[in-house]
Each structure stands twice: as C-alpha cells, then as structure tokens.
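Values below: every heavy atom of this structure, side chains too, minus hydrogens, waters and symmetry copies. Proteins come first, then strands; the chains are lettered A, B, ... in the order of their sequence lines, and each starts at number 1.
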Amino acid sequence: MQEKYHPQEIEQQAQQDWQERAVFNVSETSDKPKYYCLSMFPYPSGKLHMGHVRNYTIGDVLSRYRRMQGYNVLQPMGWDAFGLPAENAAIQRGVPPAKWTYDNIAYMRSQLQSLGFGIDWKRELATCEPDYYRWNQWLFLRMLEKGIAYQKTQVVNWDPVDQTVLANEQVIDGCGWRTGAPVEKREIPGYYLAITKYADELLTDLDRLPGWPERVKTMQANWIGKSYGVDITFPPDTASGMPQALKVFTTRADTLMGATYVAVAAEHPVALHAAHDNPELAAFIEACRHGATIEAELATQEKKGMATGLYVIHPLTSERLPVWVANYVLMSYGEGAVMAVPAHDERDFDFASQYALPIKPVIKPESGELSIPLVQAYTEYGVTFDSGEFSGLESAAAIDAIALALAQKGLGEKRVRYRLRDWGISRQRYWGCPIPLIHCNHCGVVPVPDDQLPVVLPEDVVPDGSGNPLAKTPSFYECICPRCRHQARRETDTMDTFVDSSWYFIRYACADQHASMVDRRADYWLPVDQYIGGIEHAILHLLYSRFWSKVMRDLGLVSFDEPFSNLLTQGMVLNEIFFRKTGNGRIQYYNPSEVDPWYEGEGKRSGAILRADGQPVESGGIGTMSKSKNNGVDPQEIVEHYGADTARLFMMFASPPTQTLEWSDAGVEGAFRFLKRLWRQVYLHVQQGIVASTIGPIQHHEYPAEWKTLRYQLHQTISKVTDDLERRHTFNTAIAAVMELMNEMAKLQDTDPDVRQLIQEALENIVLLLSPIVPHICHALWRELRPGTELLDQPWPKADSQALVQDEIELVVQINGKLRGRIRVAKEADHAAIEQTALDHEHIQRSIAGQSVRRVVIVPGKLVNIVV
RNA sequence: GCCGGGAUGGCGGAAUUGGUAGACGCACGGGACUCAAAAUCCCGCGAUGGUGACAUCAUGGGGGUUCGAUUCCCCCUCCCGGCACCA
C-alpha cells in the first residue's frame, strides 16, 4: 500500500475496475427488488457545471447505497439535446447545431465518467436521435386520433425584421435580441395538447404522492388552479350597438348586485367590433398589441382602459352597464371578459377609481359595518346588503341563490374552471422534433403514415437567425400527399423540447427497442423510485411528464399513472461575487479564484484583494454561479486538482441537498484533508498487519471502558448514517458522524491485539459507510483491508445490537431548565434512585442550597430537571 | 400583491418527536516538527465578568404557552425563491 493518497491513480484504477466488471449495467431478470434512481438529464451546453455535479452526486450516492442494500438499481443517463442554444451557437459560429450538440455530448460524457457515477451507459439516449424522436411523432399522431392533440391559433412574439418568432428569453425590453426591433404580438396557427382534459386527475393525484415535497405539490395545485364559480351571461343592449351577449366567469356571484361595468380583453371580439368606427379605441388596442406577452410582466403594468360606448344588460336588475376594454383582463383565461365589482375586487377598485366609475358595496362583514366611502376593496366573504331579494344572505348562500335565479332565466350556471391552459407545442424553430403532418391543397392536413416515420430532421442545416430554416429547405418541405399523391408541403414547425423530456425516463427502460415506443420492461422499472433535479422544474417539466404518462397509460402503453414516486429538489450552487467599478461606470467582475481574502483582527474577514495587483475588490454578496457575474467554478479543474472524491465529498458535506450550497475553496481543501487523513489511518493500520475484525459475537464485557465506548460509537454511527442516507437524505450529517468517529478512533493508539481487531472493524465499516459518497478511495482502501475481496460485493453494514447495549447511561441534570451537571446511573434505575442520585450530586447540592425543591421532572434516558 | 421557504458564532452548517444550543468542517490564534517554508500533528476558539471553580447573557425583534422553547402559538422586521391582476 502506498503511504500517500494519490487520487488520480486510484480513481482511474477504480473506474477501470467498475467498467471491466460492468456492475452498473442492469437487467430486468434480477430476483432482487428494483430501484430506479433518476437524475434530470442535462442539456448538452458544452461542459458540466457545478449544479450538474451536485445533482448527479446525490443520485449516485442514493444509487450506490441502495445497491449495497440489495436492490437491483438502475441509474441511467441521457441528453436533452434539442433546443435553442444549439441554434444560437450556429448563428454565432456557423457550426451546424447537430455537430455542436454531438461534440458537447462526447465531452460531457467523459466528464461524467471521470466523476465516477455508477451509470448504465448501455441505455444512454439523446433526444435529437431519430430513433428517439420518432416516438414523439408516433405518440403525437395517436393523440391526434384521440382528439388530445388539435390545432388552433396562438399568440407569439414576432420579430418584424427577421420575420421570425422569438422565445420569451429572446425578447429584451420589448425588442428582438438580434435586430433590436420592437416585438409584435402575432397570431399564427399551432398545435396544442389538451392537458386540461387531465386537470382534475393531475390535481387529485397529487394526494397520492407522499414522497413529493409539499411545496412542489402546492405549486402544481396553484398552477392547475381549480376554482368553483358561476358563468353569467350579460345580454346585449342592442340599442347601444352591442352585437352580442357577454359571458363572464366569476367565483364571487354573491357580488353580482354590485357590478357597475363589464371589462373585456383587448383581443376580445367585442373590443375589435367597437374599434371599427373608433380610431382612438383602435389605437389603444394596437398599443396593447405591443405590450408584454409574459404574464409576469402583464402583472406589473399600470392599469389602462377605454370605454367602448357599448352597453350590456345586468341579468338580474336589467340595469345598463358600460363595456370597457381593459389591459388587466386576459383573453386566455375564462371568456376574456369579467364583470367588474369595484367594491369587492382590488383590480376593479383601482380601475374604477382611476376612471371615475361607480363603486357599489353589497357585501359587509358578518359583524360590523363597512366604512363608506370605501378606501379599498372589501374582498372578504360576508353578508349581502342592498341586493334586493338577495339581501341578508351569507356569501355562500348568496352564490347559490343568485346562481339559481340566473339558471331560471337561462343566463347562468355553476361551473368549475381551471387556470391551467392547453399545452402549445408548436415552435417555429429548426433544432427540434418535426411535427409529422403534411399540408395538402386537396386533402387539408394529413398525418404522416406510421410506416413513414420518423420524419427526419436534416442535420446539416446552419440557421442564420431569420425565419425557420426548415421553411427554406425544399428537400425537407417538398413532399407527396400520402392520400392523393399530389405535390404537398410538409409542416415545418417543430415540437417544444418539453415534449422530449416528458418521457425519456420511460425510454431508458427499453432504449434498444426499435419496434415500439416502449415494451414491458417499462412496467418493470417504472415508476421512478427517486427523481432528483432542480426546483426550477417544479411546475412545467414535472407536470408535463405526469400528463404524458397518463396519456400513455390511457393508450395502454404503460400501466402506472404517476411516473415519479419520490422527488428530491436540490438547491442551487452559489458563489461569492467580486467586482470593481471602472472609470466609465461599468462593472468589471472577477472570478473568486483570482481573489484572496483579507483579514483584520482574529478570523474576521474584512475585505478581499485581487491577487494580480494587490488592490481591493468589492464583494457583491453571494449569487448563483453564472457567466455574467464571472463567479463560476469549473468542476473539471476541481477533479483534476483534487480528484472526483474530493469534489463529491465537499458537495455532499457543505449543506443538505435541498438547500442552497455555497462554494468554498477552503471547504474543498478541508474535504481533501479528510480523505488524506482517512488514507493515512488505514495505511498506519495496514502497516502493522491486518487482522480479523470483531464482526460477530464478541466478549465485550471484558473490554476496557474506552474500547467499549468506541465500539458503541461505531455502531451508533452505522445506525445514524443509514438513517441519514435512507430516510433523511442529509448527507452532511452522515459525513459529520463518520468524521466524529474517526476523531475518536485516532485517540486509540494501542498495539494490543484486541484493540487492533476493534480498529479493523471500525475502519472496514467507515470505508463501507463512506463508499456511496467517495467510491474510488473506498474501493482502493477496501482491497487493502480485505485483500482478495471487492467493495462492490459487500452489503451495507448493520449495527450490532449487542454493541448498542449500555450498562450505565448519562443523564443531564438541570435546575429550572438550565444545565447544572451530569450523572451516571444504571440503565434500569428507577425514578426514585435517579432523583436521589441527582440531588446527591455535589454541584447540584451547592446550587440548590437554601432553596426548596418544588418539583422534579424526569425524562427517561434523557434528563432530570429540578424545579426550585 | 399573493403563495412558499428562511433568519443560529468570523463563515458553511448541527440540534431528527418540546429536553445538554453551537456537532462536524472552514477561518483564525497558540504550540510541536523543520535550518526554513509547506505539509502534518496537538491545543484553544459565541459574548461579558472572574486568576479560577463558575456566573450571566445569547438562536432576527417583541409577547405568550411550558418544569423546560432554535423547535409550538400570536404580532413585527428583514432576506430568498416562485407566481397568477385568474375574475
């Protein structure tokens, strides 16, 4: 055994050994229980970042742990390979997206391998491979047959100069990222998936996911947004020129008697009708067209509106109500129109105040009165007043009564609505999965027949940023109609990349199946037992995957209905930001690796200086690692300098997986130091000669007390680490427990054969306990401790219950809840004996002298509290 | 604005069911080894007072429940994340 720890050598050796034995390639024929551990697959952006390393280390720790526990563990990996960055790279460097993507995959695969993740590489897939995306196309056609996929028009960001559709992230301050031209909203046809048909199931099934974090479930429930309300029809006042009735949805039908106007979205047909002979209104609607498309931006904009001059009739009072166009009404929710009740809705209140519209209160608190005039909307439920025959009712009763009255007049009915909208999957982009449709002048839209799938995306195209390259590639779009055999045009839109990621985890089960999308192996491996990924995917990706699984279930392709049984959302990786303001007011960022801390006084950091010039830099606090702030750390450099084990150990030790992780070079050094210490302890032991460990029944009554204590601590640590890995997923405390044990063990310097047995037992167990986290060093150390055997064949250690038996236990003695001493008592001592021992304690005697003991609380096994 | 999560030493964090606040690591200080440095090892390390044994204070702020509160309840401040003007 070498005296020094050489990570590069042992890591290369370990990885080679694993590869030769192919231990991570798994099949469905095992008689062990299956365990599917999945990490979110990466986008092949170029190289791994620390977030990936954290994600995949968590997955690998759990996989290796379960493997040792006797499970048949699948840990696959693949590539979310379609997407906009590949096109951007192409535009900037003239490289075809396919080449850029495949080069990145090759490099990142080698990085993953150098980190020692136990992945079944036989199942690797990339979503840009025809063998994968043909099944996107195939399932899309099945959805089309079932009516789950359909066509309608959608609003997009349109760059008028490049004649191209822009993604939200390509819109900067309302202008196109390349051209700087103001972006317009434009309606173009696109394909949708009817996820709303599954809204109720997606909502109720959240209750069947106890292994998901509550906050993710809450976010999904809010996103689906089920609400109970009433659809109300406001008949037109034809005398005013109003062409049609207006239908609105409200959850607060109890406030109907307080409605003072009706507001419609700018895109609403009534608004467009009114704008015909009203240039001012037309201009306002046009202005809204250039407004925000992202709802978050819509949310913060100032409320604006304009009267249409049209009127509707209140369905119960027959009063005339004006119709306004307002920018706070969304065409995409409900009917694109709302009844406005300024007294009881904040938005309506703001709007009415601004345009001097009447405010009519009709709800008051159950006890007390409203102070009129209102200074803000009263939005609580309460009791109706000034509401004619509906006065004096509680809100719930008023909703029922008003709904009934409306129903009798044929002007309303109760209705359940969802906030969730159908999923638009059409993208006017090149680097994505082609939508398998053909447009024929004679037959209309014709699906590509199954035997002509896949519609292959040409891989040699270099986009230039204007328009969709596929629409400029005749060899792609020219085709023959499969029905009438006439010349036809292929659809050039591609699918949203969220389609690709909605089922990749099912394909891993049978990635070599060429005859069908999935086969029976999917039902062996799925659902995923543990899914690990970033919180940023809490809504879209996870919701789409749940939807897709349910569609596949309904098509008889799989038999599960929820794809992910347990979900772990890992926190982000942060690092400190350093900068200087340069002369012209610009900010120059410096990478933390170029900066040294500067101390004033003992251990208190007072600043930082740039190593290059010795001058101070400012700290911009802690933020996510990003290119723009120049505070990233390249995992590759860490692996090359310290080895993969150090990188893995630091990431698992610095904070629990669900919390944010602050990068620290000193912390990495500390992790490296620990591994060196571990190596040295094993080395020193092995130098004296290995011995049989004390595993099995031992005569621990004859041990000296300190040995017994160590063995007790060892087996306590085994229990704790097991619980931390399996139930709590707190790898940081698991590592801390092992460190503590090592610190204790280092104090035992004895050549007695018995204690050498004990040390052997401890070292073997420490190596086993740490092996999921730092597998390479443990692989090497195990061979030294047990020559001729392999760590990979060892089961997870079990605590010896005998070692955990203690004759005496320590109790804490408190006076009025404050720690005042410790006593040792026999394990089976009764309350009276414990109380007496505590009161006899010298220090306690002194502390309570002159005071009367009022009460003694004894918590068995823990403490004694004396109340004086 | 709404929803969710937080706030513990110089720093990251620990305290799992209401029971020893600060485990473990980092930083820092002191010492050993060394011609010297690095590496390594040992010791110390919340604040205040005290030579010391100890005592008092301390988990963002204020109140409450309890023998006992970082943990539970109420109010407030600040920070982070998400979002939906959702009718």
Counting primed atoms, P, OP1 and OP2 as sugar-phosphate and everything else as base, the B/S/- map of nucleotides 46-54 of chain B against protein heavy atoms under 4.0 Å is ---------
Annotated protein contacts, base or backbone, on nucleotides 15-22 of chain B with a non-hydrogen cut-off under 4.0 Å, one of B, S, - each
SB--BB--
So does A/Arg252 get a side-chain nitrogen or oxygen closer than 4.0 Å to the phosphate oxygens (OP1/OP2) of B/A87?
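For B/A87, neither OP1 nor OP2 has a side-chain N or O of A/Arg252 closer than 4.0 Å.
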Is there a side-chain contact between A/Asn222 and the phosphate of B/G82, meaning an N or O under 4.0 Å from OP1 or OP2?
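Answer is no, no contact under 4.0 Å.
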Check every atom of B/G4, B/C67, B/C24 against the side chain of A/Arg855 and return the nucleotide holding the closest atom.
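Per side-chain heavy atoms of A/Arg855, the pick is B/C67.
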Is the ring centre of A/Tyr261 less than 6.0 Å from the ring centre of A/Tyr355?
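Centroid distance A/Tyr261-A/Tyr355: not below 6.0 Å, so no.
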Please say whether the positively charged group of A/Arg648, taken as NZ for Lys or CZ for Arg, lies over the ring of A/Phe653, i.e. under 6.0 angstrom from the six-membered ring centre and within 45 degrees of the axis.
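Checked: cation-pi criterion not met.
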Expected list for residues 849-868 of chain A: side-chain donor-acceptor pairs under 3.5 angstrom, two or more places apart:
from	atom 1	to	atom 2	distance (Å)
A/Gln851	NE2	A/Ser847	O	3.2
A/Asn865	OD1	A/Asn816	N	3.4
A/Asn865	OD1	A/Gly817	N	2.9

What residues form a ring-ring contact (aromatic ring centres under 6.0 Å, His included) with A/Tyr544, not counting sequence neighbours?
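A/Trp423, A/Phe498.
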Using heavy atoms and a sub-4.0 Å distance, could you list which residues of residues 337-350 of chain A are near RNA chain B? By number, please.
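Going residue by residue through residues 337-350 of chain A, the ones with a heavy atom under 4.0 Å of RNA chain B turn out to be A/Val338, A/Arg347.
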What is the nucleic acid contact for A/Gly225, judged by heavy atoms within less than 4.0 Å: base, sugar-phosphate only, or nothing?
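No contact.
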Report the secondary structure of RNA chain B in dot-bracket form, marking unpaired bases with a dot and bases paired to a different strand with |, and treating Watson-Crick or G-U pairs with both distances under 3.5 Å as paired.
(((((((..(((......[....))).(((((.......))))).((((....))))..(((((..]....))))))))))))....
